[in-house]
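Report on one structure; see the data block that follows.
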Amino acid sequence: MTTLDFRTPFSTDAFRVKVGLAEMLKGGVIMDVVDAEQARIAEATGACAVMALERVPSDIRKEGGVARMSPVSKIKEIEAAVSIPVMAKCRIGHLAEARILESLEVDFIDESEVLTPADEENHVYKHDFKVPFVCGCRNLGEALRRIGEGAAMIRTKGEAGTGDIVHAVKHMREVTRQIKALTLLSRDEWMTAAKNLQAPFELVVWVAEHGRLPVPNFAAGGVATPADAALCRMLGAEAVFVGSGIFKSDDPEKRARAIVEATTHWNDPARVAAASEHLGEGMKGIEAAKLLESEQLQTRGW
Amino acid sequence: MSIGILALQGDFAAHAEALARLGAETSLVKTAEEVLAAGAIVLPGGESTTMWKLMEGTGIPEALVAAAQAGKPVYGTCAGAILLARTVTNPDGQGLGVLDATVQRNAYGRQLDSTVLSLTDVNTRVLGDAPMEAVFIRAPRFAAVGPGVEVLARREGSPVLVRQANILAATFHPELTGDDRVAKLFLESVAGAGRKAAA
């Protein structure tokens, strides 16, 4: 007689240490940086990690062209410059960029819609890697598909490079609402829910029973002010990614410090107010609702 | 006795859950006043440089030193252990100086070197015979500990769990496993401090 073996990659020590690092980043701000100088500013202003990329999203929007993984020399330079974790972005489905980043010993890979996708259908099978991955999502089904592939952290997609928080809010609310809805179902309804969400059944069951994602849930996309960061925390994001919002503002150091302060003290409005004072001009931004669908980054990946 | 978990950044929620499993009530603390009001303190894992930035100019470091010196139970894991130390290296940094130890940050390398180990070199008198499951995440290492520091567990000969009077510090994350012996040790010390306060 044969027995089915239901052990999954999620119960391995390899996956636990990936989620473990994500746990350590909670309550913090992860800042996009393009070089060592920005990385040093990020660390000095209280970032809990930096994200290396070739160009910040607002420049990718402005300049166009193919957006790729950060140059190897830049990643090495950033790793040498700071002692906090270094993340780096690879293109969706770009196995080779992901392997390069792993060989460079980055601490986390963001398989990101902000870069031009390398595969129109498939994401990287992330359980094959020793380095942890974070991926973006717009809803619960997308989050669970990425976790199914081995993502150890989920973030909202938002609409990167706009400075408009509206889509990060939309995605955070959508995921939260869908999680709550799952917890109300009877067991007979789980398979249909998995079908409708287009998500792995076992993960749907886990979420229905626990009322949360099985990995940390962060916010990203359009965070430009301390108040935006506080808003993400209010909506349940456990940490915040900031892209163009810092280094495209008048006074990056001051704004970075203020966003870190607001992320920690999100539930103390007086402190968020104090952090928001005298910051100078923020990034000008683009109203996300005015973007054509072809101009949106969040529709990349599925 | 109230247990305050420093919640500026890091895995403070994991600590709250681990202590709740043992029936302990905790609160998240973010200001010097809240630290001073707590009867015992947990310093969670996370990024120690980030925590320092968030503590600068807030009076929290002074409040933590006062709590430790007043004999209140203090328990730090990973970044929390770094905060407690007298000397911090790689890179050279500051510590509160209440734990007589030198801590080397990121001592085993980057995230690719993070690992789960079963520690067999444990102080069986204090922790019992079973090996201890230990999750190391970009972990620091106690490079040296003073004579008043009791070593409760070692990895490859180096101390990874130490106790100095009311202070308990681990370079790994007991809060991320189901092995609750370290948390119980802390709660025993909290109960002891409560009895002393009542007497």
Side-chain angles (χ1 to χ4, degrees), chain A residues 12-31 42-50 79-87 101-109 129-133 152 212 216 238-240 256-257 260-268 271, chain B residues 5-15 17 28 30-31 34 44-58 60 77-80 82 88-93 104-106 109-118 133-140 172-173 175-178:
Chain A
T12 60
D13 287 346
F15 192 69
R16 288 174 66 200
V17 296
K18 292 177 180 178
V19 176
L21 179 56
E23 291 285 339
M24 297 311 138
L25 300 174
K26 282 184 178 178
V29 178
I30 299 145
M31 299 183 194
E43 183 175 53
T45 52
C48 68
V50 291
E79 284 178 337
V82 296
S83 69
I84 55 178
V86 175
M87 302 187 173
L101 293 175
E102 184 178 50
S103 80
L104 294 173
E105 300 194 355
V106 302
D107 297 294
F108 237 104
I109 296 176
F129 288 72
K130 196 159 182 251
V131 62
F133 279 75
R212 61 180 175 86
E238 294 167 302
V240 178
R257 254 181 248 284
V260 169
E261 171 90 358
T263 302
T264 292
H265 297 285
W266 59 275
N267 53 353
D268 183 345
R271 289 193 71 157
Chain B
I5 304 175
L6 191 69
L8 297 175
Q9 194 273 321
D11 74 336
F12 45 85
H15 272 284
E17 276 175 38
L28 300 181
K30 294 188 195 179
T31 65
E34 290 167 347
E47 281 307 315
S48 59
T49 44
T50 304
M51 292 183 199
W52 269 116
K53 298 291 168 198
L54 285 160
M55 291 197 296
E56 266 169 12
T58 63
I60 294 175
T77 63
C78 198
I82 297 171
V88 178
T89 65
N90 190 33
D92 289 353
Q104 181 192 359
R105 296 182 62 225
N106 300 335
R110 308 187 67 90
Q111 171 63 9
L112 286 179
D113 305 293
S114 292
T115 185
V116 182
L117 295 177
S118 178
E133 187 183 48
V135 180
F136 291 88
I137 308 283
R138 286 172 45 94
F172 57 97
H173 296 281
E175 72 277 13
L176 295 184
T177 69

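With a 4.5 Å cut-off on non-hydrogen atoms, A/Val86 touches chain B through its backbone and its side chain both. Contacts of B/Thr31 with chain A are made by side-chain atoms alone, with heavy-atom separations under 4.5 Å and no backbone atom involved. Using a 4.5 Å cut-off between heavy atoms, A/Pro85 contacts chain B through both its backbone and its side chain. Residue A/Ala22: no heavy atom, backbone or side chain, is found under 4.5 Å from chain B. If you measure heavy-atom distances from B/Thr49 to chain A, the contacts under 4.5 Å come from the side chain alone. B/Arg138 touches chain A through its side chain: at least one heavy atom from C-beta onward sits under 4.5 Å away, while N, CA, C and O do not. At a 4.5 Å heavy-atom cutoff, the contact between B/Leu176 and chain A is made by backbone and side-chain atoms alike. Looking at A/Glu238, neither its backbone nor its side chain comes within 4.5 Å of chain B, counting heavy atoms on both sides.
For A/Glu102 (side chain) and A/Lys130 (main-chain N/O), a donor-acceptor pair under 3.5 Å exists by modelled atom type. With B/Asn106 contributing its side chain and B/Asn90 its backbone, the two residues share no donor-acceptor pair below 3.5 Å. For B/Thr77 (side chain) and B/His173 (main-chain N/O), no donor-acceptor pair under 3.5 Å exists by modelled atom type. Judged by distance alone, with hydrogens and angles left aside, the side-chain atoms of B/Gln9 form a donor-acceptor pair with the main-chain N or O of A/Met24 at under 3.5 Å.
Using a 4.5 Å cut-off on side-chain heavy atoms (C-beta onward), B/Val116 and B/Glu133 make contact. In this structure, B/Glu175 and B/Asp11 have side chains that are in contact, with non-hydrogen atoms separated by less than 4.5 Å. Residues A/Val260 and A/Met31 have side chains in contact (heavy-atom distance under 4.5 Å, counting atoms from C-beta outward).
Residue with the most contacts toward chain B among A/Glu79, A/Glu43, A/Glu261: A/Glu79 (heavy-atom pairs, distance under 4.5 Å). When the candidates A/Cys48, A/Gly20, A/Ala239, A/Pro216 are compared by the number of heavy-atom contacts under 4.5 Å with chain B, A/Cys48 comes out ahead. Interface remark: of the candidates A/Ile84, A/Asp268, A/Val19, A/Val131, A/Ile84 forms the most heavy-atom pairs closer than 4.5 Å to chain B. When each of A/Ala14, A/Ala49, A/Pro132 is scored by its heavy-atom pairs under 4.5 Å with chain B, the top score falls to A/Pro132.
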Evaluate A/Glu23 against B/Ile137 for side chain to side chain contact (heavy atoms under 4.5 Å, CB included), listing each step before the verdict.
CA-CA 10 Å; A/Glu23 291 285 339; B/Ile137 308 283; over 6 Å; no
